[in-house]
Amino acid sequence: MRSDPFRTRVLAIVRAVPRGRLVTYGQVALLAGKRHGAREVGWIAHAGGEGIPWQRVVNRFGGLAAGFTGGREGHRMALRREGVRVGVDDRVDLGRYLWWPDARTRRRLGLGPGTNVCWEGNL
DNA sequence: ATCTTGACTTGCC
DNA sequence: CGGCAAGCCAAGA
């Protein structure tokens, strides 16, 4: 588990997310190599990884996670502190904050070049 | 080993 | 982004 390559990649990716930017579970799963591993990403997040900015990982609606440590309150506060505007319905503007690693970062993380997706127009 | 759950996503209505 | 079903993958009972 600890030596699981998928898990290792997930941690590396989340760590690479800049302050004030966001990624989604499905996105991370895809980058890490599992097309439908979104749930597993969530599981990994809950399982461990201290020092990992999990608050920058949200679901595909830009909504806050269901069981974030400290509850949605804590999640919301953590995001606001990074400059992310969180709506009253606990949702953020993904079109504005969603982040994708640049080519250099992908190479550093050991991600394949074919991991480009068209998430631009969703929502 | 099977069954249930879950910090998810997508498709269809 | 209203609701519901299916898909996928791993952990826990």
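In the text below, chain A, chain B and the rest are named by the order of the sequence lines, each starting its count at 1. Note that these values count all heavy atoms, side chains included, but never hydrogens, waters or copies made by symmetry.
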Whole-Å gap separating [atom2] ([N]) and [atom1] ([X]):
{"X": "A:Q27", "N": "B:dC8", "atom1": "CD", "atom2": "C1'", "answer": "13 Å"}
{"X": "A:Y25", "N": "B:dC8", "atom1": "OH", "atom2": "P", "answer": "6 Å"}
{"X": "A:L22", "N": "B:dA7", "atom1": "CG", "atom2": "C1'", "answer": "14 Å"}
{"X": "A:E73", "N": "B:dA7", "atom1": "CD", "atom2": "P", "answer": "17 Å"}
{"X": "A:R35", "N": "C:dC9", "atom1": "CZ", "atom2": "P", "answer": "9 Å"}
{"X": "A:D93", "N": "C:dC1", "atom1": "CG", "atom2": "P", "answer": "11 Å"}
{"X": "A:D89", "N": "C:dC1", "atom1": "CG", "atom2": "P", "answer": "7 Å"}
{"X": "A:R60", "N": "C:dG7", "atom1": "CZ", "atom2": "C1'", "answer": "14 Å"}

Exercise for the section: Sticking with atom C1', work out how far C:dG2 lies from B:dA7, rounded to a whole angstrom. Expected result: 23 Å
Fill in the blank from the handout: The correct set of residues in residues 10-20 of chain A placing a heavy atom under 4.0 Å from DNA chain B is none
All N/O donor-acceptor pairs, side-chain side in residues 73-80 of chain A, below 3.5 Å, sequence neighbours left out:
from	atom 1	to	atom 2	distance (Å)
A:H75	NE2	A:Q55	O	2.9
A:R76	NE	A:D90	OD1	2.6
A:R76	NH2	A:D90	OD1	3.0
A:R76	NH2	A:D90	OD2	3.1

Problem - Inter- and intrachain pairs under salt bridge (Lys or Arg N to Asp or Glu O under 4.0 Å), touching residues 24-35 of chain A, at least two apart - result: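 Those involving residues 24-35 of chain A are A:K34-A:E40.
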Handout entry: Phosphate contact (C:dC1 OP1 or OP2) by A:R91 side-chain N/O below 4.0 Å
Key = yes
Exercise for the section: Compare side-chain N and O positions of A:K34 against OP1 and OP2 of C:dA10 and report whether any pair is under 4.0 Å apart. Expected result: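 Affirmative; the distance criterion is met.
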If the condition is side chain to side chain donor-acceptor pair (under 3.5 Å), which residues does [X] pass it with, not counting sequence neighbours?
{"X": "A:R39", "value": "none"}
{"X": "A:N59", "value": "none"}
{"X": "A:R96", "value": "none"}

Practice task
Kindly say whether A:W99 contributes a backbone atom to a donor-acceptor pair with the side chain of A:Q27 at under 3.5 angstrom?
Solution key: yes
Problem - Donor-acceptor contact below 3.5 Å, side chain A:Y97 vs main chain A:R85 - result: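 It does hold such a pair.
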Please tabulate, for the side chains in residues 45-54 of chain A, all donor-acceptor contacts under 3.5 angstrom to protein atoms that are two or more places apart in sequence or on a different chain.
from	atom 1	to	atom 2	distance (Å)
A:W54	NE1	A:G48	O	3.3
A:W54	NE1	A:G49	O	3.2

Exercise for the section: Could you list the residues that satisfy salt bridge (Lys or Arg N to Asp or Glu O under 4.0 Å) with A:D102, not counting sequence neighbours? Expected result: none
Report each atom pair, protein N/O against N/O of nucleotides 2-6 of chain B, whose distance is under 3.5 angstrom.
from	atom 1	to	atom 2	distance (Å)
B:dG6	N7	A:R39	NH2	3.1
B:dG6	O6	A:R39	NH1	3.2
B:dG6	O6	A:R39	NH2	3.4

Problem - Nearest to side-chain heavy atoms of A:A38, which nucleotide of C:dC1, B:dA7, B:dC8 - result: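 Selected nucleotide (nearest to the side chain): B:dC8.
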Exercise for the section: For A:W54 and for A:H36, locate the closest nucleotide of DNA chain B by heavy-atom distance; then report the residue assigned to the nucleotide nearer the 5' terminus. Expected result: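 Between the two, 5'-proximity favours A:W54.
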